[in-house]
Amino acid sequence: MTGDIIMAGFGGQGILMIGNLLALTAMEEGKHVTYFPAYGVEMRGGTANCTVVVSDEEIGSPVVGRPKALLIMNGPSMEKFLPMLAPGGDLIINSSLVEERLVTRNDVRLLSIPADDIARNKIGSRQMASMVALGAYVARSGIVRLPTVFDCLPKVVSKKYEKFIPLNVNALKEGAALAGIHA
Amino acid sequence: MTGDIIMAGFGGQGILMIGNLLALTAMEEGKHVTYFPAYGVEMRGGTANCTVVVSDEEIGSPVVGRPKALLIMNGPSMEKFLPMLAPGGDLIINSSLVEERLVTRNDVRLLSIPADDIARNKIGSRQMASMVALGAYVARSGIVRLPTVFDCLPKVVSKKYEKFIPLNVNALKEGAALAGIHA
Amino acid sequence: MSIEGKTEFTKPVYTRPRSLVDVKTHFCPGCHHGTIHKIVAECIDRYGVRENSIGVACVGCAVFLYDYIDVDVVEAPHGRAPAVATGVKRAQPDKFVFTYQGDGDLAAIGTSEVIHAANRGENLTVVFVNNTTYGMTGGQMAPTTLLGQKTSTTPYGRDFRSDGYPIKMAELLAGLDGTAYSARVAVSTPAQIRKAKAAVRKAFEMQINGMGFSIVEFLSTCPTNWGMKPLDAQGRVLGEMSEYFPLGVYKERKQADFA
Amino acid sequence: MSIEGKTEFTKPVYTRPRSLVDVKTHFCPGCHHGTIHKIVAECIDRYGVRENSIGVACVGCAVFLYDYIDVDVVEAPHGRAPAVATGVKRAQPDKFVFTYQGDGDLAAIGTSEVIHAANRGENLTVVFVNNTTYGMTGGQMAPTTLLGQKTSTTPYGRDFRSDGYPIKMAELLAGLDGTAYSARVAVSTPAQIRKAKAAVRKAFEMQINGMGFSIVEFLSTCPTNWGMKPLDAQGRVLGEMSEYFPLGVYKERKQADFA
Amino acid sequence: MQVHRTASHERSRLSEAAEPKEERVTATGRIEIDFERCKACELCVPACPKDCIVMGAAINRAGYPSAVFERPADCTGCAICAETCPDACIQVWR
Amino acid sequence: MQVHRTASHERSRLSEAAEPKEERVTATGRIEIDFERCKACELCVPACPKDCIVMGAAINRAGYPSAVFERPADCTGCAICAETCPDACIQVWR
Amino acid sequence: MSSLAAEASKKILLKGNEAICLGAIAAGCRHYYGYPITPQNDIPEYMAAHLPALGGTFLQAESEVATINMILGTSASGKRVMTSSSGPGISLMQEGLSYMAGSELPAVIVNISRSGPGLGGIAPSQGDYFQAVKGGGHGGYRLIVLAPHSVQEMYTLTMLAFDLADRYRTPAMILGDAIVGQMKEPFEATPYDSATTAEKPWALTGCAGRERLHVKSLHLKDNAIEVHNWKLHGKFERIRKTETRAESFLLDGAKIAVVAFGTAARVSKTAIQWARKEGIPVGMLRPITLFPFPEREVFDLAKTVDVVLVIEMNTGQMVEDVRQSTPLHDRIAFLGKPCAMPTPEEILDRIRALAGRKG
Amino acid sequence: MSSLAAEASKKILLKGNEAICLGAIAAGCRHYYGYPITPQNDIPEYMAAHLPALGGTFLQAESEVATINMILGTSASGKRVMTSSSGPGISLMQEGLSYMAGSELPAVIVNISRSGPGLGGIAPSQGDYFQAVKGGGHGGYRLIVLAPHSVQEMYTLTMLAFDLADRYRTPAMILGDAIVGQMKEPFEATPYDSATTAEKPWALTGCAGRERLHVKSLHLKDNAIEVHNWKLHGKFERIRKTETRAESFLLDGAKIAVVAFGTAARVSKTAIQWARKEGIPVGMLRPITLFPFPEREVFDLAKTVDVVLVIEMNTGQMVEDVRQSTPLHDRIAFLGKPCAMPTPEEILDRIRALAGRKG
Ligand SMILES: Cc1ncc(C[n+]2csc(CCOP(=O)(O)OP(=O)(O)O)c2C)c(N)n1
Ligand SMILES: Cc1ncc(C[n+]2csc(CCOP(=O)(O)OP(=O)(O)O)c2C)c(N)n1
Ligand code: SF4
Ligand code: SF4
Ligand code: SF4
Ligand code: SF4
Ligand code: SF4
Ligand code: SF4
Ligand SMILES: [Mg+2]
Ligand SMILES: [Mg+2]
């Protein structure tokens with residue numbers, strides 16, 4: 001299984017965390033993987049993004065010009081990254097904050113998830129929106145197995161927030177379920 | 001006429017001044033000439049030296065490893081430069097300060113001039129010792145004509161000391177005369 | 001003063017200063033860099049020096065000065081703005097020249113440049129923004145970081161035994177003969193903003209009157225790297241920061257040395 | 001005290017300090033660098049730190065420190081001795097570490113390094129030789145050159161309008177929290193020499209007691225580049241130089257901050 | 001009162017609070033908050049001596065819930081809010 | 001009295017003044033000046049409270065006319081000259 | 001993060017910059033001085049968090065100029081010491097580096113390079129090749145320069161850099177970029193295994209029981225400086241002979257040979273694999289040491305292939321060393337991408353084009 | 001000295017360092033910033049004495065770091081400006097030089113080089129070739145580098161340096177050494193005659209009547225920095241095509257060709273003349289521009305001679321550019337003399353040996 005994805009959203013939405021989690025999971029599954037965060041002044045202005053590449057072979061570039069998938073958590077990120085998505089690629093958007101009408105391409109596979117709403121209403125914490133989105137991506141792509149993601153959660157969640165791990169699991173599941181519906 | 005010379009002595013003996021004067025004279029006579037002073041920390045500790053090269057052709061190196069002549073105004077300079085003098089070269093020493101017995105080579109043409117004594121006793125100023133020595137060198141080598149040296153004096157003697165130009169002329173003449181005697 | 005029943009308000013009381021370019025800045029929410037830019041722009045307007053100014057941008061969160069202040073701007077390497085400004089001012093003594101520098105820029109890597117510009121009495125104005133951290137590079141210790149303050153390079157809090165003491169630049173520079181004006185201000189309350197403007201005006205006037213080097217140190221916030229909400233960050237300025245870095249005018253030359 | 005008729009004197013009252021290497025120096029006649037070297041050597045002897053010392057040589061007429069003082073010595077690039085010394089001291093906190101620097105070295109190119117070493121309270125000692133000029137390079141203006149003083153780069157005399165003011169390092173450094181001791185001394189009279197020794201001893205003790213950064217500024221002569229006889233040069237120190245640069249102790253920490 | 005209970009999609013460049021629907025005659029000034037430029041730092045809120053400003057709920061394109069000119073009737077046009085705003089989002093008229 | 005009216009060729013490493021030919025019984029100290037190392041800066045001359053030191057005429061190998069311990073009989077061994085000499089040329093005994 | 005060292009025996013997901021720290025600590029480095037600059041701040045931040053507990057020193061200097069001189073002081077004390085920076089900061093270290101090379105002081109300097117010239121940008125770049133390899137400071141010394149292309153190599157080459165620096169008493173540089181610095185990859189800590197003796201009889205530790213020692217670069221007497229220069233030259237020639245390292249990647253039967261280092265090499269690997277799948281006989285020689293440059297390897301290689309394609313994230317620097325290494329200048333092709341990574345697609349296109357022309 | 005300018009129409013005996021000052025002043029340079037260092041102090045001293053009367057600025061900066069940034073500021077103001085230094089000082093200017101190259105600011109930087117690495121010594125040397133020619137700062141820019149070999153050329157090449165710097169908006173360097181700097185020779189002031197326009201519409205002079213302008217090297221948006229790098233590259237390629245300068249000396253019928261610059265070339269002239277008198281067919285190609293290096297000239301030359309003898313006052317730096325310029329690597333011989341001048345005798349010996357072997 002090989003794939004790559006750019007994830008993007010506001011700072012504070014947990015983008016780097018889910019990217020890290022995905023990479024860790026791929027590693028646990030014995031895959032080659034690279035995780036590359038945006039860094040430096042680009043962090044200003046409240047946006048964050050990262051790239052994860054998963055492969056069965058040695059990985060060349062950890063940065064991709066034409067990602068096979070995009071996970072878009074806010075409006076500005078859509079504008080910036082949509083043009084890069086490979087034709088036929090997966091586009092997962094947080095429809096709670098991103099309007100579908102901004103999707104100006106029709107050569108991509110759109111998966112529209114109201115991640116914020118689900119997080120708030122179903123999980124009980126807006127913070128979980130990115131986990132919902134990650135769950136959707138994992139289900140849609142099959143890049144890693146969901147249970148491995150669960151297993152890896154303790155490695156990315158700091159001690160202080162350990163008690164929220166069940167919430168994270170729920171969020172991932174909700175996302176995955178939605179992906180199933182839409183698939 | 002081609003030649004080169006290293007001149008050396010204590011700081012304050014006027015070494016750089018007579019080197020400059022010689023170079024200027026050569027230039028006035030239409031020759032190629034280079035003048036190269038010692039510089040930098042070597043100036044510390046009260047010694048000074050310079051190299052003058054005069055030639056009818058374009059001059060390569062302004063620094064010479066085997067000078068054809070040496071003008072030595074003090075003891076330490078003898079030790080430093082005597083080994084460099086080309087075999088058969090001219091060695092002019094200020095015998096008022098430099099002992100002849102320090103001349104450890106016999107493949108050179110020694111011209112021993114009590115420059116300090118002459119300057120003090122005959123010219124009336126110890127400051128003129130280097131001029132005496134220069135006069136001797138010019139006479140011995142024929143590298144430039146003495147009258148041109150006289151003509152050039154005003155260009156190296158600052159306004160303040162203009163009145164001593166006749167003394168300088170006398171010193172040069174005395175030196176030249178002695179060189180004649182010894183030649 | 002209040003006109004009862006007035007429903008149309010047409011007289012502008014506060015509009016964007018002419019010299020503040022009408023674009024969105026990259027500054028984080030609540031960052032005082034924005035406020036200080038505004039003040040600088042207002043003073044440029046006030047003295048009518050916009051078309052006669054050359055600004056010198058530093059490297060730090062204020063690096064985009066040229067995008068925000070509508071004057072000619074040259075970018076200086078990190079810390080070297082006072083030297084660059086010296087080069088500008090010596091070449092064009094009739095121009096109004098100012099630098100805008102962070103505390104890493106001015107008080108760490110650029111220590112020597114600012115001290116010697118001040119000591120030479122270079123006739124230029126320095127706007128100095130002390131936010132007790134390196135904002136742009138992600139919140140490392142600055143020379144002005146308070147003792148005990150945690151930053152990404154003082155994870156256990158700044159300790160004077162290993163990291164030294166927070167340095168007081170307004171006082172230090174006031175001690176140099178070439179300094180005409182040195183003051184420390186803040187912009188955490190409306191009153192402070194008023195005083196800050198007055199200080200920048202004084203600093204501008206020093207240059208305009210050929211009095212020599214002038215500097216205004218701003219106590220500023222970095223909510224992002226302090227890990228605080230903007231209002232809490234202002235609270236920190238009002239509290240421990242101004243306790244350690246007292247506000248005030250440290251030097252004010254009344255007459256030019258050569259007058 | 002006087003023993004009438006004594007003809008044999010065998011008790012040494014003054015001999016070459018053990019730590020002063022028995023060679024001829026390259027210093028010009030009457031240059032106070034020699035005197036200051038002697039004092040440093042004497043103090044090294046006094047505290048028995050010779051075998052435990054690492055000296056940091058500067059670039060300037062004192063560059064040959066390693067030929068003259070019988071301790072381990074590392075050469076620092078021009079102005080960087082305090083940074084090099086920091087690297088030495090942090091690696092070997094149990095060693096006695098000192099720098100020896102000229103005024104071009106310390107107050108011009110090395111401004112930032114000495115200020116931050118002091119501000120960090122680095123536990124080391126700086127011997128600072130202020131001769132109001134760049135001796136080694138042939139007598140250019142130093143930051144300490146007096147107003148009106150002619151040097152090879154101020155041929156018409158130093159003018160504050162273009163060249164700035166003579167900088168007072170002992171005072172400036174005394175203003176920093178990390179500085180434990182800062183004094184200015186001279187060696188132009190026997191009494192001054194005695195006081196100078198006392199100051200260097202204090203500075204050494206500060207380090208030995210772990211009190212932080214200590215510096216002794218010497219007003220020194222450069223007969224060669226001042227174009228003066230050594231005695232006249234001493235006269236200048238006693239006159240205009242100490243008028244502008246007052247001798248005295250500017251800071252003396254009584255107790256360590258962390259004691 | 002709250003003019004900005006708009007969905008995030010119904011955006012306008014400037015806060016419409018500038019033209020308040022209800023206005024008590026005591027107002028001696030009026031402000032406009034640039035909705036898109038506001039970063040929701042909240043500094044203007046306590047700065048206003050008349051408590052005219054509150055944080056809104058509508059999120060602008062940069063993801064921030066802009067401040068809102070909530071109580072225009074009390075505004076004196078003192079411009080303290082404008083002086084305070086780091087992003088020069090506020091303009092004031094009298 | 002002046003021991004060093006030697007020609008420049010007759011050098012000795014240390015000033016022979018160290019063993020003065022004449023000595024008044026008032027001396028309570030004695031110095032030696034390193035002839036070769038002296039740079040003739042003259043600083044020791046006025047420094048000596050007893051005027052024991054004068055500049056000589058003999059020139060050393062470095063070209064300097066070394067200082068000379070001219071009046072040993074007055075020497076108190078106070079060591080001021082030695083403290084003063086930048087080149088550590090002077091040693092003092094009591 | 002603090003549990004990294006403990007877990008060091010199994011695979012962890014690690015950032016390149018942090019791998020450098022682990023390598024340094026494994027190699028016994030306990031002293032770090034530095035000044036913040038993007039994109040390498042993880043290094044000082046890691047060291048600030050971890051060195052104190054190891055009894056070491058972390059000090060944030062007031063500038064890069066001060067930094068390199070603190071490095072000089074600690075190195076002269078005989079301790080292993082490291083700094084890290086990027087473009088502008090490395091430039092400010094040039095005087096100090098020249099002094100260290102002249103004084104024969106070992107240290108490890110990490111350059112996680114960014115775009116230049118000037119402030120440039122923080123995009124990945126290989127624009128500092130010349131500065132690193134030809135000596136950016138005055139006086140014509142050389143740095144040992146190692147170019148990792150993975151997180152794992154960030155670790156191993158850092159350990160190697162300490163060894164080489166000590167063995168030859170000269171500063172060594174790790175030349176990375178934002179890609180290898182910022183990315184995370186699975187990483188496994190390998191044990192530190194060094195052939196270099198730890199003894200430094202030249203170190204300044206106080207002269208108890210021995211003559212005083214000096215560490216210096218000034219040589220004024222007679223022709224001492226000339227002698228010293230030939231001595232240094234001899235050392236650099238020895239390094240050339242002994243320490244050249246390069247990786248051969250799919251070079252069997254290759255008619256096109258890519259020569260690339262660091263991130264450019266890494267991206268090239270993907271393109272080469274794709275091209276091989278298309279049946280194009282292409283491989284790569286990846287210099288791991290940039291100084292010493294694998295001249296002999298390039299010389300031999302050029303004779304066996306049709307074209308040597310040099311790929312750099314700049315407008316052409318290492319290509320000069322390739323041109324020097326082989327007289328077969330007309331076989332050399334260049335693909336440059338300053339301040340940006342070439343994509344595998346771009347490289348593949350170029351390989352295809354060359355294959356069409358030459359194959 | 002103050003009467004020099006007045007007498008400038010006839011021959012005077014002039015020091016090389018002062019000839020630089022006369023050249024700068026003739027070219028309209030009125031701004032000088034610098035920091036003392038041997039062996040170039042004559043330059044700041046001359047400027048301190050003469051610029052004020054010309055309405056210019058002389059300022060002794062607190063350091064070379066400050067110096068280069070003052071240069072940057074004055075250059076950004078649109079004025080011709082110069083500094084001078086030597087090894088350690090030039091190293092400290094590398095960050096600023098990189099910024100200037102990145103910001104496309106002209107200036108003339110004089111390096112009267114000394115021995116390195118480190119403090120080294122003040123002996124003449126050509127150890128800074130790499131630093132000057134390959135770019136000592138970060139980011140892979142180039143300096144225009146001119147190498148005078150006589151007092152007269154110190155003057156003419158300084159004027160040229162100002163022109164080239166302005167024409168291409170980039171810093172230019174005069175690379176000399178203590179020999180050409182300290183020596184005096186007969187000198188004749190030639191008139192300044194420039195084709196470069198003095199207009200600098202990019203200069204920061206206040207935005208009256210126009211949009212505000214920026215001088216900067218930061219390019220963060222998208223691939224702006226890549227575009228900028230290609231732009232700079234294009235400029236440097238244009239310089240290569242247009243501005244290469246070299247002197248041919250007795251190359252007619254030569255079978256041995258010396259390649260040397262500056263003082264090494266000057267000394268070589270003597271040796272070559274001696275060798276010619278012995279009937280040995282030897283001549284010299286003297287690069288006057290080191291960047292751009294006369295690659296084409298070396299390429300052509302190497303084909304016509306048996307041996308190219310590179311002579312440098314270092315352990316081998318320009319020889320790399322020679323090796324790059326021609327594929328005939330086995331014709332290249334090298335004579336190095338670090339931190340010292342080779343004597344004509346040494347060079348002659350080598351020429352004789354090569355003639356014996358090859359001729
Ligand atoms: C020579 C050099 N070193 C380091 C950097 C990296 N750098 C950029 S901004 C900065 C510090 C910013 O802090 P400060 O000056 O306090 O400004 P702030 O962002 O806090 O306003 C640093 C270290 C650089 N650009 N150049
Ligand atoms: C980076 C650098 N710049 C300049 C120099 C040249 N230089 C050597 S010593 C010196 C100044 C010496 O003056 P000071 O520090 O006052 O010492 P002094 O000789 O007066 O005792 C200078 C500028 C240098 N060696 N390195
Ligand atoms: S990082 Fe800090 S200083 Fe920089 S813009 Fe954000 S809040 Fe302001
Ligand atoms: S030049 Fe000046 S400082 Fe240097 S040794 Fe001579 S007198 Fe002393
Ligand atoms: S102008 Fe004054 S009263 Fe009106 S909103 Fe602003 S701060 Fe409040
Ligand atoms: S101060 Fe400005 S940016 Fe902050 S909330 Fe108010 S209007 Fe918005
Ligand atoms: S010891 Fe005292 S009395 Fe004797 S010579 Fe020296 S200074 Fe004079
Ligand atoms: S002080 Fe020393 S060097 Fe000077 S004259 Fe006296 S003995 Fe000689
Ligand atoms: Mg800051
Ligand atoms: Mg000095």
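Just so you know, these numbers come straight off a predicted model, no measurement behind them. In what follows, every chain begins at residue 1, and chains take the letters A, B, ... in the order their sequences are listed. Hydrogens, waters and symmetry mates play no part in the numbers below; they use all other heavy atoms, side chains included.
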Worksheet item: Okay, side chain of H:N41, backbone of D:T137: is any donor-acceptor separation there less than 3.5 Å?
Response: yes

Item to complete: Determine whether more than 12 heavy atoms belonging to other residues, nucleotides or ligands lie under 6.0 Å from atom NZ of D:K24.
Response: yes

Fill in: Within 6.0 Å of NZ in D:K150, more than 12 heavy atoms from elsewhere
no

Worksheet item: For the side chain of D:Y156 and the backbone of H:A49, is there at least one donor-acceptor N/O pair under 3.5 Å apart?
Response: yes

Fill in: Among D:V59, D:I109, D:T154, residue most engaged with chain H (heavy-atom pairs, under 4.5 Å)
D:I109

Discussion item. Pairing donors with acceptors under 3.5 angstrom, does anything connect the side chains of D:T153 and H:E45?
Written reply: no

Fill in: Test item: H:Q60 side-chain N/O and D:M141 main-chain N/O as donor-acceptor pair under 3.5 Å
yes

Worksheet entry | Nearest-0.5 Å distance, CD1 of residue D:I167 to CD of residue H:E62 | 9.5 Å

Worksheet item: What part of H:L92 gets closer than 4.5 Å to chain D, counting heavy atoms only: side chain, backbone, both or neither?
Response: side chain

Worksheet item: In terms of heavy-atom proximity below 4.5 Å to chain H, should D:S152 be classed as side chain, backbone, both, or neither?
Response: both

Discussion item. Within the 4.5 Å heavy-atom criterion, are H:L119 and D:E75 side-chain neighbours or not?
Written reply: yes

